[in-house]
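Data block below; observations after.
Below, chain A is the first sequence line, B the second, and so on; all start at residue 1.
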There are 2 protein chains.
Amino acid sequence: MVPPKRGPAAVKWQPIPRTRAYELVIKRIEEQITSGVLSVGDQLPAERDLAAALGVSRAAVREAMRAMEAQGVVRSGAGVGPDSGTFLTSMPSKALTQFLRLHMALANFPIDDVLETRIMLERRSARLAARQASASDLATMSRLLDEMDAETGDLAVFNELDTDFHVAMAEAAHNTLITEMTTAIRHSMRSMVLASFREHGDWPELAATLRGQHRAIYSAIAVGDQPGAADTVEAHLRSANDVLHWGAGGHED
Amino acid sequence: MVPPKRGPAAVKWQPIPRTRAYELVIKRIEEQITSGVLSVGDQLPAERDLAAALGVSRAAVREAMRAMEAQGVVRSGAGVGPDSGTFLTSMPSKALTQFLRLHMALANFPIDDVLETRIMLERRSARLAARQASASDLATMSRLLDEMDAETGDLAVFNELDTDFHVAMAEAAHNTLITEMTTAIRHSMRSMVLASFREHGDWPELAATLRGQHRAIYSAIAVGDQPGAADTVEAHLRSANDVLHWGAGGHED
DNA sequence: ACTTTTCTTTGGTCTGACCTTTACAAGGGA
DNA sequence: TCCCTTGTAAAGGTCAGACCAAAGAAAAGT
């Protein structure tokens with residue numbers, strides 16, 4: 001312990017929280033949202049006006065917009081008309097996708113942890129879908145399966161349909177958060193999956209395997225077999241993860 | 001269909017994707033991360049230098065930093081020294097917390113969906129913790145329970161310990177993504193929970209109930225009862241959700 | 001040797017200008 | 001009259017340059 005040379009005893013000076021201007025802008029907007037003044041679809045004042053109203057520079061307002069845009073709650077467009085100006089919006093999966101991409105690239109989220117999370121999400125989706133999927137939910141999933149049967153050449157299109165099927169299953173569970181997370185995980189791994197598709201030796205056989213597994217998932221959901229749907233989807237995800245060995249050299253454990 | 005008055009037949013002019021400067025900055029940084037040149041802990045060039053190197057203005061670089069900061073992958077500090085400059089970091093839960101707060105405020109995520117997601121996350125955590133919790137994991141949880149017993153007056157401190165207990169359980173499951181999500185959900189609901197605590201009539205009784213439920217969860221985990229741990233934690237979350245009737249008027253369904 | 005001052009670097013903020021996009025209004029020719 | 005061109009205004013997008021604030025380092029003074 002070093003006793004202070006000056007000052008009355010050990011006064012604890014808690015440092016002033018130096019808040020940046022753009023954070024204050026976000027805070028003000030968040031207050032308007034929480035108090036119900038602003039909601040999704042509403043237009044924010046023009047950047048110049050908002051800057052003047054809050055007593056900060058336009059740059060501070062713009063930095064706040066970029067941060068909120070990164071969170072998927074704001075959308076901006078230039079010009080005049082219905083798509084111009086800054087609006088409160090709701091695009092969570094876009095934000096989550098970028099979030100996951102960055103953190104996976106930085107190795108903050110190990111690939112195995114992401115897989116286990118996916119399994120947790122999709123097991124729950126499959127179970128809920130088997131319990132409560134509506135006729136239109138099932139029709140959507142069935143249509144996507146047919147489209148996957150028809151798509152034989154383009155790997156990217158096939159993968160889009162694959163993703164759409166899993167998202168449709170999540171939507172059948174009717175939980176917004178789980179749906180958005182599922183969508184984001186799939187999208188954030190898009191390029192990885194495509195690369196693995198291309199590296200795979202026997203594409204027709206892989207496609208046939210995937211189609212069969214998807215059909216099995218669909219069947220379990222359609223007949224309302226909750227545990228069966230969950231187990232089938234987990235088997236599908238683990239199988240796909242094994243077949244599509246990530247990275248350049250495959251597993252090394 | 002409106003045929004064009006001029007031009008050779010129906011030429012499809014695909015519009016030029018006008019990408020904003022700050023998005024290009026992010027793209028460049030992401031490339032450096034993906035290619036392994038940059039990783040967590042590394043320092044980015046000074047804003048002025050980076051702007052010059054990429055051929056954009058400093059404002060564009062700063063907007064990119066704000067967006068990446070909102071994703072929890074960048075940290076900035078002024079001055080000279082170890083904490084000054086801009087660094088790649090890993091603070092996902094901070095970003096996820098803000099993300100959830102904003103989207104919940106905008107009613108993009110219904111409260112029931114968040115609850116069900118929490119149950120899914122914590123059931124999985126409890127199950128995994130019961131299977132593989134280490135001695136130090138259990139010690140941490142046990143210590144938090146004791147601290148909660150000692151805390152009788154300050155609701156905020158009690159709630160912090162409550163949150164820490166749930167996070168400790170998630171950490172015992174050793175899945176980074178699930179841990180971060182659990183942390184973020186708890187933190188994003190902090191003010192709501194505190195308000196409910198204060199509105200509750202009989203605090204000592206509520207605290208006793210919560211303590212008992214936490215002890216039950218801990219016991220199931222300590223003895224390795226995986227289904228029991230999952231069910232106990234779900235019961236705890238549903239019970240707490242019922243007792244702490246959100247909003248001003250309570251449930252109305 | 002110790003303290004004080006000055007310097008330098010880096011993010012934080014502000015100002016003001018100009019560009020780009022988009023709709024709409026004004027004008028001019030067939 | 002009708003259509004097309006042209007201008008105008010409003011909004012975000014971009015840029016340049018200046019200055020402020022923080023924090024360590026080096027220089028100066030005691």
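A/Tyr22 places its OH atom 9 Å from the P atom of C/dT13, with the value rounded to the nearest Å. Between the CD atom of A/Gln43 and the P atom of D/dA10 there is a distance of 14 Å, given to the nearest Å. Atoms CZ (A/Arg62) and P (C/dC19) sit 17 Å apart, rounded to a whole Å. Atom CZ in B/Arg18 sits about 7 Å away from atom P in C/dT22, given to the nearest Å. Rounding to whole angstrom units, CZ of residue A/Arg20 and P of D/dA22 are separated by 14 Å. For the pair B/Leu44 CG and C/dT10 C1', the interatomic distance rounds to 13 Å; values are reported in whole Å. Counting to the nearest Å, the P atom of D/dG12 and the CZ atom of A/Phe87 are 9 Å from each other.
Looking at B/Arg58, its side chain comes within 3.5 Å of the base of C/dG12 through a donor and an acceptor atom.
A salt bridge links A/Arg62 and A/Glu47; the closest N-O separation between the charged side-chain nitrogens and carboxylate oxygens is under 4.0 Å. For the pair B/Glu69 and B/Arg66, the salt-bridge criterion is met [side-chain N within less than 4.0 Å of a carboxylate O]. Ionic pairing of A/Arg143 and A/Glu147 is present here: one or more N-O contacts between side-chain nitrogen and carboxylate oxygen are shorter than 4.0 angstrom.
Within residues 46-54 of chain B, the residues approached by DNA chain C to less than 4.0 Å at the level of any non-hydrogen atom are B/Ala46, B/Glu47, B/Arg48, in residue-number order. Of the residues in residues 63-85 of chain A, those with a non-hydrogen atom less than 4.0 angstrom from any atom of DNA chain C are A/Ala78, A/Gly79, A/Val80, A/Gly81.
Closest approach of A/Ser188 to A/Arg101, counting heavy atoms only: O-CG, 3.6 Å.
Within the 4.5 Å cutoff, the side chain of B/Met65 has heavy atoms near those of the B/Ile29 side chain. Inter-residue side-chain proximity for B/Glu180 and B/Thr97 is flagged as unmet; no heavy-atom pair is nearer than 4.5 Å.
Here the side chain of A/Ala21 is nearest to one of D/dG13, D/dC15, C/dC14, namely C/dC14.
Side-chain polar atoms of B/Thr140 and B/Asp137 form no donor-acceptor pair below 3.5 angstrom.
Residue A/Arg28 places its CZ atom among 12 or fewer non-hydrogen atoms of other residues, nucleotides or ligands, all under 6.0 Å distant.
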